[in-house]
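The structure displayed is predicted, hence computed values, not measured ones. All ligand and atom numbering here is 1-based and tracks the order in the structure. Below, all heavy atoms of this structure are taken into account, side chains as well, without hydrogens, waters or symmetry copies.
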Amino acid sequence: MLVALVITQLPETLMTASDLPAAVRSLMPRARRELAELVAFPSIADPALGLDEECRAAARWVADALRAEGLTDVRLLETPDGTLSVYGELTGVPGAPTVLLYSHHDVQPEVDANAWASPPFTLTERDGRWYGRGAADCKGNILMHLTALRALRQTGDGRLPVNVKVIVEGSEEQGTGGLEQYALAHPELLAADAIVIGDVGNFALGLPTATASLRGITEVRVEVRSLQGNLHSGQFGGAAPDALAALIRMLATLHDEHGATTIAGLPGDQSRPGVDYPEERFRADARVLDGVELIGTGRIADRLWARPAVTVLGIDVPSVEGAASSVQAGASALVSLRVPPGMTIRTAQDALVAHLEAAAPWGVQAVVTRLTGGEAFSAETSGPAYEALGAAMHEAYGVEMGVCGMGGSIPLCNTLRTLYPRAEIVLIGVEEPSCQIHAVNESVDPVELERMSLSEAYFLRNYARSWSPTA
Ligand code: BES
Ligand code: MN
């Protein structure tokens with residue numbers, strides 16, 4: 001009680017921006033507590049899983065946290081895909097620029113709860129990291145935003161150096177575009193001078209990084225049919241058209257002998273200026289087994305960030321256990337295509353569909369169905385927001401900020417670019433490679449969370465200082 005009294009009576013000048021590191025540090029126990037609360041919601045926005053109430057509860061948790069931070073006009077937005085995004089805003093000092101902070105509160109499925117070393121929805125500390133589904137992607141980034149805002153308000157006169165808008169999406173991991181559609185229908189809502197996409201991470205742990213590009217993504221479903229029903233593999237095998245063999249042949253045409261993605265009509269030799277991903281580090285990050293080669297050709301950075309990449313995500317076939325000795329009448333696969341900047345997902349998907357249809361052997365019936373996706377993104381990195389971010393990260397980490405690409409996708413980025421062509425978009429976050437996002441045993445490094453929160457606080461302060469509304 002006494003301590004609280006003393007602090008509230010400290011003259012404003014004693015808590016200056018130079019105290020931001022101390023403020024962020026003192027907020028870390030709270031960040032951990034709140035991250036644990038947020039991770040406890042299994043907010044997987046796949047309607048098939050029946051977790052809608054958990055998703056809504058996570059959204060309400062975020063709304064409450066924003067209200068507690070003094071944000072006004074805090075609202076749960078019902079978006080067209082049936083999920084809730086959370087919005088709030090906070091007015092800063094007069095004449096300040098407006099910065100939009102983005103993250104998402106939905107998560108990937110835990111996949112196999114038994115494969116986790118600790119329960120996926122219980123934030124658990126091990127070897128100095130905090131484990132749990134969404135601990136990094138993206139609930140850790142929600143705590144990054146909250147901690148940065150708290151630190152700024154504690155160290156100043158309570159007002160922020162910028163006007164802040166916060167938007168926390170409810171279905172990013174589904175690619176169903178609820179928030180994209182909502183934003184397009186309410187074009188004023190997310191308008192800002194600069195946008196912080198808190199849904200990526202540093203190139204390596206402790207190496208401050210701005211992500212300057214993302215690949216897009218598109219998916220197709222391939223269904224092959226060849227017979228009226230399965231047949232005895234001895235009585236008919238050798239002449240009966242095997243749907244599974246046909247599907248395997250089709251899928252095999254999507255890579256060459258080096259494993260490079262090969263889709264007729266799609267270039268696969270693009271290059272991106274800037275840093276490469278050192279092969280040894282990539283092997284370690286990707287946890288490649290000894291003696292196994294990487295696939296593709298050329299610089300790793302180009303393979304990951306500048307070129308298309310096909311991945312077969314799933315195949316519907318009989319499982320090994322319990323399989324009968326029969327020739328398959330049908331088989332299907334889900335195929336994902338990552339699409340680099342400079343290519344639209346429509347162009348890429350057209351090429352993939354045509355390629356697969358042409359690759360169907362023996363006259364089998366092959367139906368390729370187009371699924372949802374999101375466009376690639378490439379940031380403009382020469383403006384004042386990038387300069388402010390570089391200085392902020394340097395101050396927080398003590399080393400120069402790097403710029404890299406990223407092979408994953410965040411579909412909203414392109415929508416924001418279309419809606420607000422003048423807004424600078426920066427991508428940062430706590431999702432460095434050792435987080436193993438989307439995998440079992442996802443985790444976040446608390447030191448990274450602390451430094452990224454501090455980086456964001458410095459960024460908002462620096463950006464406000466550099467702001468001149470006429471520029
Ligand atoms: N946070 C990821 C994007 C990302 C990937 C950041 C890798 C850093 C490293 C994001 O949540 C994500 O996974 N997005 C989906 C989007 C898709 C469902 C449209 C993706 O890339 O698969
Ligand atoms: Mn994410």
Contacts for ligand 1, heavy atom under 4.0 Å, by chain and number, are H104, D137, E172, E173, G175, D199, V200, I217, R338, M406, G408, S409, P411, E431, I437, H438
I'd like to know: is the Mn ion (ligand 2) within the 2.8 Å range of an N/O/S atom from C138, strictly under that distance? no
Output the atom name for the N/O/S atom of D137 with the smallest distance to the Mn ion (ligand 2). OD1
Short side-chain to backbone donor-acceptor contact, E424 and Y386, under 3.5 Å: yes
Under 6.0 Å between ring centres: does that hold for W305 and F377? no
Between N441 and Q436, what is the shortest heavy-atom contact and its length? O-CB, 4.4 Å
Between K165 (side chain) and L189 (backbone), is there a donor-acceptor pair under 3.5 Å? yes
Please give the atom name: the N, O or S atom of D199 nearest to the Mn ion (ligand 2). OD1
Less than 4.5 Å apart, any side-chain heavy atom of I425 and any of E380? no
4.5 Å side-chain heavy-atom contact, C413 and I410: yes
Applying side chain to side chain contact (heavy atoms under 4.5 Å, CB included), can you list everything that pairs with L76, at least two apart in sequence or on another chain? A59, R60, A63, L84, V86
